[in-house]
Every structure is written in structure tokens, then in C-alpha cells.
Chemist: 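Quick one: the structure is below, questions incoming.
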Amino acid sequence: MKKIVRVLFNRNMLMLYIVNFLLADPAIYVFFLLMAAAFLEKYNYFILAIIISVGRLFILPNFYNWFAGFAKDKYIQDFLYGLRHSLKVKLLVAILSPIPFIIECFILSNCAESDFWGLLEGIITLYIFSLFAGLLGSYIVLYIYWYIEDKIKGRKVN
């Protein structure tokens, strides 16, 4: 048990959590900024939400490229290698990445849907919102960045 706690809460893992959930997943901030822009009719909140949504796209590619050389932990290196080269890991991360945002939204909206289809529709809507303002979109941009980077490296070798 101590080994699991030590692996999950070392400084490298904590850094990974902070970057993923606070910087690369600002969907909850964007959600509140858009609501404030709509209710208060202050368009500077809307502009700030757009800036945050676009800025978060550059966080994961820069962080993971730096973090691959910084983190010496075996588990993190295995995760980064799997994330970059394994389709299964990419799909798993892409499917699981919007879940914290969905949980936050259901808690904040006090959503207690009794209808299964209404709940499913809400989850699908939040997945789509996470694509444009959340962690899912950040990971997709990261995968595209790595694909382009590998193609460029392949051309330089040839």
C-alpha cells in the first residue's frame, strides 16, 4: 500500500496532475466565463474564455516534451512512452479525460436525472464541450503535434 501511495503522490505525479487538471482542462473556468458573459452581457468575459480555450492547446505539447526529459520515474516514462506510441493508451486517455469535467458539471448543476436518455444526452453534450474547451481537446492536439513531429523527424532522416 505504501508503494502505491508513493507512486501516486510523488512530485512528478503531482506535477502531472496539476498540469492536466488545472492548466490543460480549463473547461469549468470557460463554462463559468461564458455564463458570466451571457448573464452580465460583458463581452470581455467571452474574449477571456476564448483566449483561455486557445491557450490551453499549447500546454500539453510543451509540457510533455519537457517532462519526458525531466521525469526519471519509471512509471511516468512508461506512461509517456505508451501515450506517444500506443493506440490503446491514446484511446483510453481520450475516453477517460473528460470524466472529471463531467463529474464537476453534474455536481455543480445538481443534476439528478431519473431518465437514462436525458443523462446520456447530457454526458454526450459534455464530451463535445470537453473537446472544445477541456482536456479531450488538449490531448487530441497533443496527438496531432506528436504525429507532425514524427513526420518531420522522418523527413530529416531521409
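Not measured: the values here are computed from a predicted model.
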Chemist: Cluster question for you: counting only ILVMFWY and a side-chain heavy-atom cut-off of under 4.5 Å, with indirect links fine, are Y43 and L34 together?
Modeler: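 In one cluster: no.
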Chemist: Side chains of I50 and Y45, heavy atoms from C-beta outward: is any pair under 4.5 Å?
Modeler: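 A side-chain contact is absent here, since even the closest heavy-atom pair is not under 4.5 Å.
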Chemist: When the ring planes of F70 and W66 are compared, do they come out parallel, tilted or perpendicular, using 30° and 60° as the limits?
Modeler: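 F70 and W66: parallel rings.
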Chemist: If you apply the rule side-chain contact (heavy atoms from CB on, under 4.5 Å), what do you find for N65 with W146, and how did you get there?
Modeler: CA-CA 10 Å; N65 282 340; W146 279 342; 3.6 Å; yes
Chemist: With a 4.5 Å cut-off on side-chain heavy atoms, are F21 and P100 touching?
Modeler: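 Side-chain contact under 4.5 Å: yes.
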Chemist: State the OG-CG distance between S130 and D25, to the nearest 0.5 angstrom.
Modeler: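 If I round to the nearest 0.5 Å, the distance is 6.0 Å.
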Chemist: Kindly write out the residues that satisfy salt bridge (Lys or Arg N to Asp or Glu O under 4.0 Å) with R84, not counting sequence neighbours, or none if the list is empty.
Modeler: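 Testing R84 for salt bridge (Lys or Arg N to Asp or Glu O under 4.0 Å), a comparison that skips the adjacent residues, returns E149, D150.
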Chemist: For the atom pair OG (S86) and CG (D78), what is the distance rounded to the nearest 0.5 Å?
Modeler: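 Nearest 0.5 Å value for the OG-CG distance: 12.0 Å.
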Chemist: Does Y143 share a hydrophobic cluster with L80, counting links as ILVMFWY side-chain heavy atoms below 4.5 Å and allowing steps through other members?
Modeler: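 Same cluster: Y143 reaches L80 through Ile, Leu, Val, Met, Phe, Trp or Tyr contacts under 4.5 Å.
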Chemist: Does atom CZ (F31) have a neighbourhood of more than 12 heavy atoms from anything else shown, all under 6.0 Å?
Modeler: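 Counting other residues, nucleotides and ligands, CZ of F31 stays at 12 neighbours or fewer.
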Chemist: Just so I know, are the side chains of F58 and V141 near enough to count as touching, which here means a heavy-atom distance under 4.5 Å?
Modeler: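 No, their side chains stay 4.5 Å or more apart.
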Chemist: Hydrophobic clusters here meaning ILVMFWY residues chained together by side-chain heavy-atom distances under 4.5 Å, can you tell me if I51 and L135 are in one?
Modeler: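 Cluster IDs for I51 and L135 differ.
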Chemist: If I take atom CG from residue L22 and atom CD1 from residue I59, how far apart are they, to the nearest 0.5 angstrom?
Modeler: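 Result: 10.0 Å between the selected atoms.
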Chemist: Taking the side chain as C-beta and beyond, is there a heavy-atom pair between V93 and F79 under 4.5 Å?
Modeler: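 The answer is yes; the side chains approach within 4.5 Å.
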Chemist: Go through the steps to decide whether F101 and F129 satisfy the test ring-ring contact (aromatic ring centres under 6.0 Å, His included), and finish with yes or no.
Modeler: CA-CA 10 Å; F101 173 70; F129 184 68; 5.5 Å; yes
Chemist: Let me see the working for I95 and L136 under side-chain contact (heavy atoms from CB on, under 4.5 Å), right down to the final yes or no.
Modeler: CA-CA 8 Å; I95 291 170; L136 179 60; over 6 Å; no
Chemist: Rounded at 0.5 Å granularity, tell me how far CD1 in I148 sits from NZ in K153.
Modeler: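 Rounded to the nearest 0.5 Å, the CD1-NZ separation comes to 13.5 Å.
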Chemist: Do side-chain atoms of S53 reach the backbone of A49 as a donor and acceptor pair under 3.5 angstrom?
Modeler: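 Side chain of S53 to backbone of A49, a donor-acceptor pair under 3.5 Å: yes, one is there.
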Chemist: Quick check on the 6.0 Å ring-centre criterion: do Y145 and Y64 meet it?
Modeler: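 That pair fails the under 6.0 Å test.
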Chemist: Quick one: side-chain contact (heavy atoms from CB on, under 4.5 Å) partners of Y75, sequence neighbours excluded?
Modeler: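 side-chain contact (heavy atoms from CB on, under 4.5 Å) list for Y75, sorted by chain: K3, V7, D73.
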Chemist: Can any side-chain N or O of S138 pair as donor or acceptor with the backbone N or O of L60 at less than 3.5 Å?
Modeler: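 Checked: no pair found.
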Chemist: Between V89 and Y81, does the side-chain contact (heavy atoms from CB on, under 4.5 Å) criterion hold? Intermediate values first, please.
Modeler: CA-CA 10 Å; V89 174; Y81 182 82; over 6 Å; no
Chemist: Is L142 reachable from L87 through a run of hydrophobic residues whose side-chain heavy atoms are each under 4.5 Å from the next?
Modeler: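 Looking at the clustering, L142 is in a separate group from L87.
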Chemist: Does any non-hydrogen side-chain atom of L131 lie less than 4.5 Å from one of I140?
Modeler: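 They are in side-chain contact.
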Chemist: When you compare the side chain of R56 with that of L23, does any pair of heavy atoms fall below 4.5 Å?
Modeler: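 Side-chain contact under 4.5 Å: no.
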Chemist: Going only through I, L, V, M, F, W and Y residues with side-chain contacts under 4.5 Å, is there a path from Y147 to L57?
Modeler: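 Different hydrophobic clusters.
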Chemist: By side-chain contact (heavy atoms from CB on, under 4.5 Å), which residues pair with I52, not counting sequence neighbours?
Modeler: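 Only P26, V30, L33, L48 meet the side-chain contact (heavy atoms from CB on, under 4.5 Å) criterion with I52.
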Chemist: Let me confirm one number: the CD1-CG distance from I76 to N10, rounded to the nearest 0.5 Å.
Modeler: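 Rounded to the nearest 0.5 Å, the CD1-CG separation comes to 5.5 Å.
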Chemist: Could you check if a side-chain atom of Y127 sits within less than 4.5 angstrom of a side-chain atom of I99, using non-hydrogen atoms only?
Modeler: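 Of all side-chain heavy-atom pairs linking I99 with Y127, at least one is under 4.5 Å.
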Chemist: For Y139, does the six-membered ring have the charged nitrogen or CZ of K90 within the cation-pi criterion, i.e. under 6.0 angstrom from the centroid and within 45° of the normal?
Modeler: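 Ring-cation test returns no.
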Chemist: So, K72 side chain and G69 main chain: donor-acceptor pair closer than 3.5 Å or not?
Modeler: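 Looks like yes, one N/O pair under 3.5 Å.
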